[in-house]
Amino acid sequence: MNYFLTYTVYVLILSILMGVSTWKLFKKMGYSPLFAFIPFYNYFIILKETKHPKWWAILSYFPIVGPIMMSVFHLYLMKKFGKNLFKDQILTVILPFIYMATVNYSKDVELEDENANDLFLTDEEKSAKKKDTFLGSITFAVVFATIIHVFVTQPFGIPTGSMERTLLVGDFLFVNKWSYGYRLPMRPLAIPFLQGTIMDTGQKGNPKDDPKSYVDGVKLPYTRILQFGKPQKNDVVVFNYPQDSVHTAIDRKDPYVKRCVATAGDTFEMRGGRLFVNGKTETILGDQEVQHRYIVTTGSQLDIPSLYNTYGFLPVQEMQTDNGYLYAFQGLTDKTAKEIKGMSQVIEMKEDVSAKGEAAVYYKDEAKTKIDTTQSIFPINKPWNQDWYGPLRIPKKGDVVAINSETLPTYQWIISEYEHNSLEKKNGKIFINGKEASQYTIQQDYYMMVGDNRDASLDARFFGFVPEENIVGKPMFTWMSLQGAFADSSSTYQAPFKIRWDRMFKATNTGEANKTSYWWIAAMILVLFFGWEYFVKLFNKKKSEDEA
């Protein structure tokens, strides 16, 4: 069903529930009972009668924001009829239409003038009223932040080193959700600011048994508006992990950030750890540094902390041997590798490159009956690994691809998961939506997203093509950068904690090596904001004294 048609159906259902549970209350306020059934206008009347800004009614049906605002408006209405106790407020929030219906159909409910008895309020009642005002302020601060988070931009942290040295572990970014057109929310009933789950409550590290932060049964189809551009080669892109088995909602899958190395219609290939697109070597931008994994044999232990002081954090695994030490450096630039190789302790240093034709397929069990698709190279029937990969053509909308036993591992996720068809394989034949098929027409564009730190990146070489519908947007700038904010489980040593001031408020997608930091502008804005508030209060105080 069309997104806006589905949205309209939800609005009508909520409006009917609102009308059925409050029409008598509207009548007692002096309005036609039918007004209780009219979307937006019913909340407009409540705000008018309770002396709150009437434009707030616009927010009543916004995805994610709407449920919060509705709860607030319902509380206003119940207070209008004297339901001020804590139990009344809890029931209004948890069982809104049921509780409001019990009030609506009760015989003794009457309007209460909230301001008539202000002179006779006890100190305790005045304190409670102030508390309500404070909670209202907090609620609308949360609502405002939610609007920004859902409809404009959202913060995103870098917990792994897959994009080193372009984006560092501990960089915190703001993502522009309008870069490639705005993707409308698909799960409108959700807890603000949470991505997929509320907290880790079950088996540690296993999100499958954690409570979801959204209602999966209330859903809207994928729709993108105002799409004036699509991801281009070399863009750094934030997207939802395609093969997330926990969340069926696209916009609730785990967010990833990688570089778009190939777009729909391109051919992607890795040769000996080097990346090629359409047969040509990749273009290296100014803010990228080519990195590789190296194995280093030494006669004595290296002083890793001093290397950190010189080169920054270098994830490394250290192992003592009979003749000295063995180090596996996760990602070294050519310059750093050359300098480490020249150290007196180093006996041997070689780049760690997988052998050509060696398939990187891993299993979940010793009997090798269950393939671990997360750790295995995509597709699983090719003799490829992360250093020798492809050539693989990236599917483009309108492509007609052959479907058989050889090509099915490449396209099965596209057919069944990304483009929502039923897919079966019976008696050596392939059936799509119940019909035998030998070809399939691709319905959307796909992309190849790969990390700049190629040997330490879980990327499209493992999870395959990224559908257009999974694209979130572009990172705009780094607003905070904390070295040591996230522990690296693959490294023997950890980075010492420090604030990287030089990275704060730098743009992320310029491609320039030396980006200008604008942290001082952010500091000025904060000073002006709080300074302005201070001077306004000072002015109002002086004005009050003059009037007195």
Side-chain angles (χ1 to χ4, degrees), residues 159-164 205 239 241-245 254 256-262 266-277 279 281-282 290-296 315-317 319 326-332 337 350-395 404-414 417-418 446-467 488-491:
T160 67
S162 68
M163 284 297 291
E164 298 267 352
F239 58 93
Y241 180 57
Q243 294 193 12
D244 190 329
S245 59
D254 287 343
Y256 273 43
V257 59
K258 307 288 180 189
R259 191 176 295 277
C260 177
V261 297
D266 289 334
T267 299
F268 170 81
E269 190 175 3
M270 295 291 294
R271 303 176 194 167
R274 275 60 178 173
L275 191 151
F276 291 79
V277 178
T281 56
E282 65 175 318
V290 177
Q291 300 157 85
H292 301 289
R293 175 181 166 89
Y294 285 87
I295 305 298
V296 180
V316 60
Q317 291 174 307
M319 185 173 66
L326 191 69
Y327 294 90
F329 284 96
Q330 201 176 75
L332 299 181
K350 60 181 179 180
E351 187 181 340
D352 187 15
V353 179
S354 302
K356 187 176 183 180
E358 184 181 278
V361 179
Y362 296 90
Y363 297 86
K364 296 180 180 179
D365 58 336
E366 293 183 5
K368 295 186 176 182
T369 58
K370 298 179 180 178
I371 294 175
D372 185 350
T373 53
T374 303
Q375 301 298 323
S376 298
I377 289 292
F378 168 89
I380 57 172
N381 66 332
K382 299 289 185 181
W384 299 346
N385 53 60
Q386 62 187 48
D387 294 315
W388 293 94
Y389 188 98
L392 178 68
R393 188 179 188 277
I394 317 305
N404 51 51
S405 297
E406 176 65 23
T407 62
L408 189 59
T410 303
Y411 300 114
Q412 64 181 5
W413 272 80
I414 289 179
E417 302 299 322
Y418 308 151
Y446 291 82
Y447 301 89
M448 206 71 177
M449 306 291 187
V450 177
D452 286 353
N453 188 5
R454 303 285 153 72
D455 295 325
S457 176
L458 177 65
D459 52 40
R461 292 169 294 176
F462 295 87
F463 53 70
F465 313 117
V466 175
D488 190 332
S489 59
S490 65
S491 182

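Computed from a predicted structure; not experimentally measured. In this chain, numbering begins with 1 at the start of the sequence shown.
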Measure the [atom1]-[atom2] distance between [X] and [Y] for me, rounded to the nearest 0.5 Å.
{"X": "Phe239", "Y": "Met449", "atom1": "CZ", "atom2": "CE", "answer": "6.0 Å"}
{"X": "Thr410", "Y": "Leu392", "atom1": "OG1", "atom2": "CG", "answer": "6.5 Å"}
{"X": "Tyr389", "Y": "Arg461", "atom1": "OH", "atom2": "CZ", "answer": "9.0 Å"}
{"X": "Arg393", "Y": "Tyr446", "atom1": "CZ", "atom2": "OH", "answer": "13.5 Å"}
{"X": "Lys382", "Y": "Ser376", "atom1": "NZ", "atom2": "OG", "answer": "15.5 Å"}
{"X": "Arg271", "Y": "Trp388", "atom1": "CZ", "atom2": "CH2", "answer": "8.5 Å"}

Can you give me the closest heavy-atom contact between [X] and [Y], atom names plus distance?
{"X": "Pro395", "Y": "Tyr411", "answer": "CG-CE2, 4.1 Å"}
{"X": "Gly451", "Y": "Met163", "answer": "CA-SD, 3.8 Å"}
{"X": "Asn381", "Y": "Glu406", "answer": "ND2-O, 2.9 Å"}
{"X": "Lys258", "Y": "Ser162", "answer": "NZ-OG, 2.8 Å"}
{"X": "Pro242", "Y": "Phe465", "answer": "CG-O, 3.9 Å"}
{"X": "Pro315", "Y": "Ser491", "answer": "CA-OG, 3.6 Å"}

Anything under 30° is parallel, anything over 60° is perpendicular, the rest tilted; go ahead and classify Tyr241 against Phe463.
perpendicular

Any side-chain to backbone donor/acceptor pair from [X] onto [Y]? Under 3.5 Å, distance only.
{"X": "Asp352", "Y": "Ile295", "value": "no"}
{"X": "Asn385", "Y": "Glu358", "value": "yes"}
{"X": "Arg259", "Y": "Asp452", "value": "no"}

Check ion pair Glu351-Arg274 (N to O, under 4.0 angstrom)
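Yes, this pair counts.
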
Would Glu282 and Arg454 pass as an ion pair if we require N to O under 4.0 Å?
yes

Could you check Asn453 against Gln330 for side-chain contact (heavy atoms from CB on, under 4.5 Å), going step by step and ending with a plain yes or no?
CA-CA 9 Å; Asn453 188 5; Gln330 201 176 75; 4.1 Å; yes

Partner set under side chain to side chain donor-acceptor pair (under 3.5 Å) for Tyr294, not counting sequence neighbours
none

Between Phe276 and Thr267, is a side-chain contact (heavy atoms from CB on, under 4.5 Å) present by the stated rule, with each step listed?
CA-CA 8 Å; Phe276 291 79; Thr267 299; over 6 Å; no

I want to check something: taking the side chain as every heavy atom from C-beta on, are Asp455 and Gln291 in contact at a cut-off of under 4.5 Å?
no

Pair Gln243, Tyr418 - check side-chain contact (heavy atoms from CB on, under 4.5 Å), show working.
CA-CA 9 Å; Gln243 294 193 12; Tyr418 308 151; 3.6 Å; yes

